[in-house]
Protein chains: 2
Amino acid sequence: MRDLAPIAKAPSLVDQVCSQLAARLHPSVPPSPSPHSPHTPHSPQSPPPSRLPSERTLASQLGVSRSVLREAIKKLELQGLLEIHQGRGTKIVSQLQKPLTAALSLLVPDPSSRLAQLFEIRLLLEPESARLAALRASPTHLQKLDASLHALRTAPSLEAAIHADLDFHRILADASGNKILLLIIESLADLLAASHGKGFQSMSTARSADMHETILHAIRHRDDSAAETAMQEHLLAARAALGLPPSP
Amino acid sequence: MRDLAPIAKAPSLVDQVCSQLAARLHPSVPPSPSPHSPHTPHSPQSPPPSRLPSERTLASQLGVSRSVLREAIKKLELQGLLEIHQGRGTKIVSQLQKPLTAALSLLVPDPSSRLAQLFEIRLLLEPESARLAALRASPTHLQKLDASLHALRTAPSLEAAIHADLDFHRILADASGNKILLLIIESLADLLAASHGKGFQSMSTARSADMHETILHAIRHRDDSAAETAMQEHLLAARAALGLPPSP
DNA sequence: CAAACAAAAGTGGTCAGACCATCATTCCAG
DNA sequence: CTGGAATGATGGTCTGACCACTTTTGTTTG
């Protein structure tokens, strides 16, 4: 009868395993080139330990049954931290936007109205994303943006062009420094990509690249206001090209 | 060799069960009084069938093992469609913002910087939410907003005040008509609520209620511009009261 | 009779071991 | 050297049992 004040209920076994696994996952992903990097110095050809041991192995390591370990892994997969492939093992990834993407697909099943609502949100978030990027973008970000722009101009296929296009927006959101903003925009990008190739035409690659260049130019010169405006115009043009109605 | 064009892989059993359950969830209320209805015809007082049969029952109904059924249920729980309670059964709910909330908690573990980024996003989304609400709010929405305002003014405790406050914002987002906007704002509200009571002080209830009233007044008069501005000022004041830095 | 306690039933949580489906590798025949 | 057939490894599914928690029920007790 010692502990009565804290109504802390013991977390379920699955949750405990989840926490342990999550703790083992995070420290491996972040790009922290700390001088340590002491782990796994024995494997000369597995750059990122981006794979999880087999279920049976992990289960016995953690001292739980395979059922529990499986449920924990499934949970982490739903959260976008793992990718399970039958026969191939479980990879460690970092796609936290996946849960949001799934929820939005479920929330607005109709692709057309989903696209319309998507652009309403993009028009709110991305101009600010561009503005913040103009203020905060690092040299690395500028370099990546340039590479993305080049990839868009030289895209060999429509699919590649779409990928490069959305990548530009992702890098921009990353440069904004707001991680929540990044996550939401990444999710919107996922949904956009899923909508393409389903009868939805986008604007020409060349025109899109031009607008990206305008945005990038503004960011290079730290002109946050111009970047914001350019992004807004870009999105308005993209929405119009999709045949979607303007905002009220 | 018939189907070769669509590389549609057969979905796993768990996914199939997920789909079946999801289909059974949405139209949970709708009139599907199939002539069968063999189960529990003896309970005359269970108004909403907001509960799922037991795992063993469901598993045999769907013709799958309990393991598969469990994994499917867990998946739906993570998506915010179910709530599992040991010994009490599984309830049907609809909280699609839960996955996003979880992802954001994981993405920005530090409550302080999370709150800062949260307000950056709120300042982008909620003024537009208020603007759209001014254009689209139905009489029912106005009524709910009024009730929420009254609840805020007469809140007996700080906790109740916070709940009423966030509820106002939720109703507003609902009135905006953009479901994606609603989902994101609901998630932000969840995180806000979780942050309160952890050393974070908010502005006084009376002042908050006054600002809500200003917003509601603008919405009643369909003055979208005024509603947008009032919401922006409300959020700026709330952020300042929290001691957070202004946007760059 | 009513309230309090104890037993029973129902629920999700965990475990163990087995077998199936899919993928990667290895190895042998050509 | 190439191709495909065995082999191994991995995740997917099944079964049945037992544990932990909650609700209901039934009895006991005041």
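Residue numbering restarts at 1 for every chain, and letters A, B, ... go by the order of the sequence lines. Only this structure's heavy atoms are used, side chains among them; waters, hydrogens and symmetry mates stay out.
Atom C1' of nucleotide C/dG12 and atom CZ of B/R51 are separated by 11 Å, given to the nearest angstrom. Here C/dT11 presents its C1' atom at 12 Å from CD1 of B/I84, a figure rounded to the nearest Å. Rounded to an integer number of Å, the gap from A/K91 NZ to C/dA24 C1' is 15 Å. In this structure, CD of B/E55 is placed 15 Å from C1' of C/dC15, rounded to the nearest angstrom. The CD-C1' distance, from A/Q86 to D/dA9, rounds to 12 Å in whole Å. Taking atom CG of residue A/L69 and atom P of nucleotide C/dT14, one finds them 12 Å apart after rounding to whole Å. Atom CD in A/E71 sits about 10 Å away from atom P in C/dC15, given to the nearest Å. Per the geometry, NE2 belonging to A/H85 stands 10 Å off P belonging to C/dA24, to the nearest Å.
Judged by closest nucleotide on DNA chain C, A/S65 is the one of A/G87 and A/S65 placed further toward the 5' end. Each of B/G89 and A/V68 lies near DNA chain C, and the nucleotide nearest B/G89 is the one positioned closer to the 5' end.
Taking only side-chain nitrogens and oxygens, B/T90 comes nearer than 4.0 Å to OP1 or OP2 of C/dG12.
Here A/D165 does not pair with A/R170 in a salt bridge; the nearest charged N to carboxylate O distance is not below 4.0 Å.
Considering only the side chain of B/V14, D/dT13 comes nearest among C/dG13, D/dG11, D/dT13. Nearest nucleotide to the B/V64 side chain, out of D/dA20, D/dC14, D/dA17: D/dC14. When the nucleotides C/dT14, D/dC14, C/dT22 are ranked by their closest atom to the side chain of B/L13, D/dC14 comes out on top. Side-chain proximity of B/R70 to the nucleotides C/dG13, C/dT11, D/dG12 is greatest for C/dG13. Closest approach to the B/R88 side chain among D/dT22, D/dC14, C/dC15 is made by D/dT22 (side chain taken as heavy atoms from C-beta onward).
Here the side chain of A/E55 pairs no donor or acceptor atom with the backbone of A/R66 at under 3.5 angstrom. A distance-only check finds no donor-acceptor pair linking the side chain of A/T57 to the backbone of A/P53 [under 3.5 Å]. Judged by distance alone, the side chain of A/S187 and the main-chain N or O of A/T101 form a donor-acceptor pair under 3.5 Å. Under the 3.5 Å distance criterion, the side-chain polar atoms of B/Q97 are left unmatched by any main-chain donor or acceptor of B/I185.
Looking at heavy-atom distances under 4.0 Å, B/S67 makes contact with a base.
Remark: the B/R56 side chain and the C/dG12 base include a donor-acceptor N/O pair separated by less than 3.5 Å.
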